[in-house]
Amino acid sequence: MLSALIFDVDGTLADNERDGHRLSFNLAFKEFGLDWDWNIPLYGELLAVTGGKERIRYYVTQYRSHEPIPENFDDLIARLHQAKTRYYTAFLEQGKIPLRPGIHRLLNEARGAGLHLAIATTTTVENVTTLLASTLGPDSIRWFDVIAAGDIVPAKKPAPDIYQWALNALGVTPEQCLAVEDSENGLLAAQGAGLTTLITVNDYTRHQNFTGAAAVISDLGEPTQPYTLVDGTLPPQGVITLDLCRSLLSD
Ligand code: XBP
Ligand code: MG
């Protein structure tokens, strides 16, 4: 019996990596006088590492290995990430980052049916609440029983920890939940916690390996803009309703 939906954020609630997070990292690098510039394909490679602070560290150690490690590196990463979050939340507040098709519709249906809603993400809680407030209004933060975000678990996706944290806080078993994700790292994390997972792809993730996902689709779909099925046992086109979510759990 389906009692909760657990949503990833970046790439799933919003298609925000390329023109949201990436641009914000670049603005932070510029502010700090660094000549680092993450272009669109490079950022796709860097998305292999989840978490903004972890991603900066990976870039410096893997892509700038010919240069000495910056002084006070941990502190620099923390300050860069704070600046990046400031730029990113400003983009959100300016209304520049919309929700993906079907998100608002499915959240409404789930709330009407009394389901629990939760978030499981590697991004900061500040980014999550600002995204929700800027797209669905400030009250929408309370629609979610649990917001599991950022550094509350040390091991980020693909580790299952953030999903396990969310399940624990919700007080439900994995069999009662459906996870909605957009990436291979997200799928691995959700699967590792024993969750059935629905994947909505985006340009950065559509060629990733989604073996074991309950279904892979273009997006959740709207009546005027149906989803397209990529893989799995759902109708070839349509909108994701709670009935379809329930059918994924019982497969
Ligand atoms: C996606 C991520 C995040 C964002 C940046 O997380 O890997 O790191 O790219 O966010 P998810 P921060 O899809 O699990 O939401 O810079 O705030 O870490
Ligand atoms: Mg994601």
Side-chain angles (χ1 to χ4, degrees), residues 5-29 36 38 40 42-60 76-92 97 99-100 103 118-132 135 144 146-166 179-193 195 197-206 208-210 213 216-217 219-220:
L5 298 178
I6 310 181
F7 288 87
D8 168 50
V9 173
D10 298 312
T12 299
L13 292 188
D15 194 356
N16 56 357
E17 289 288 8
R18 192 189 71 181
D19 298 333
H21 287 296
R22 184 183 68 89
L23 297 181
S24 309
F25 281 111
N26 285 336
L27 287 166
F29 300 152
W36 307 346
W38 292 356
I40 291 170
L42 170 62
Y43 192 69
E45 294 173 27
L46 298 174
L47 281 173
V49 174
T50 60
K53 295 189 288 291
E54 293 80 357
R55 190 168 300 142
I56 296 170
R57 182 181 302 280
Y58 173 73
Y59 170 71
V60 171
L76 175 65
I77 290 175
R79 287 186 298 124
L80 279 170
H81 194 249
Q82 269 168 19
K84 177 259 168 178
T85 300
R86 175 166 32 83
Y87 286 114
Y88 176 70
T89 50
F91 279 140
L92 291 171
I97 301 183
L99 295 179
R100 294 192 66 188
I103 294 288
I119 294 284
T121 177
T122 62
T123 200
T124 60
V125 74
E126 184 184 356
N127 286 353
V128 179
T129 54
T130 312
L131 175 69
L132 293 175
T135 52
F144 292 84
V146 171
I147 296 184
D151 297 329
I152 53 168
V153 293
K156 293 191 175 171
K157 299 176 189 177
D161 304 39
I162 196 75
Y163 277 103
Q164 284 161 345
W165 197 98
V180 186
E181 271 284 355
D182 72 303
S183 70
E184 184 177 351
N185 278 329
L187 172 63
L188 290 170
Q191 266 181 330
L195 288 157
T197 309
L198 172 64
I199 299 290
T200 55
V201 294
N202 57 58
D203 284 347
Y204 273 133
T205 66
R206 67 181 76 255
Q208 294 180 346
N209 180 0
F210 294 120
V216 182
I217 51 179
D219 53 72
L220 296 177

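Order of listing sets the numbers, starting from 1, for every ligand and every atom in it. In this chain, numbering begins with 1 at the start of the sequence shown. It should be emphasised that the depicted structure is a prediction, and the values quoted were computed from it without experimental measurement.
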Sub-2.8 Å protein N, O or S atoms surrounding the Mg ion (ligand 2): D8 OD2, D10 O, D182 OD1
Does the side chain of E54 pick up a donor-acceptor pair with the side chain of Y59 at under 3.5 Å? no
So which protein residues pack against ligand 1 under 4.0 Å, heavy atoms counted? D8, V9, D10, E17, H21, F25, Y43, T50, G51, G52, R55, H81, K84, T121, T122, T123, T124, N127, K157
List the atom of A120, the atom of I6, and the distance in Å for their closest heavy-atom pair. CB-CG2, 3.8 Å
Side chain to side chain contact (heavy atoms under 4.5 Å, CB included) involving T122 - partner list, sequence neighbours excluded: T50, K156, K157
Atom pair CG/NZ of L80 and K53 - distance to nearest 0.5 Å: 11.5 Å
What distance do I119 atom CD1 and F144 atom CZ have between them, rounded to the nearest 0.5 Å? 4.5 Å
Candidate pair Y88 and E126, rule side chain to side chain donor-acceptor pair (under 3.5 Å), full reasoning: CA-CA 10 Å; Y88 176 70; E126 184 184 356; over 6 Å; no
What distance separates S183 OG from D8 CG, expressed to the nearest 0.5 Å? 6.0 Å
Using the test ring-ring contact (aromatic ring centres under 6.0 Å, His included), find all partners of F210 that sit at least two apart in sequence or belong to another chain. none
Measuring centre to centre across the rings, with the benzene-like ring taken for any Trp, is F25 within less than 6.0 Å of W36? no
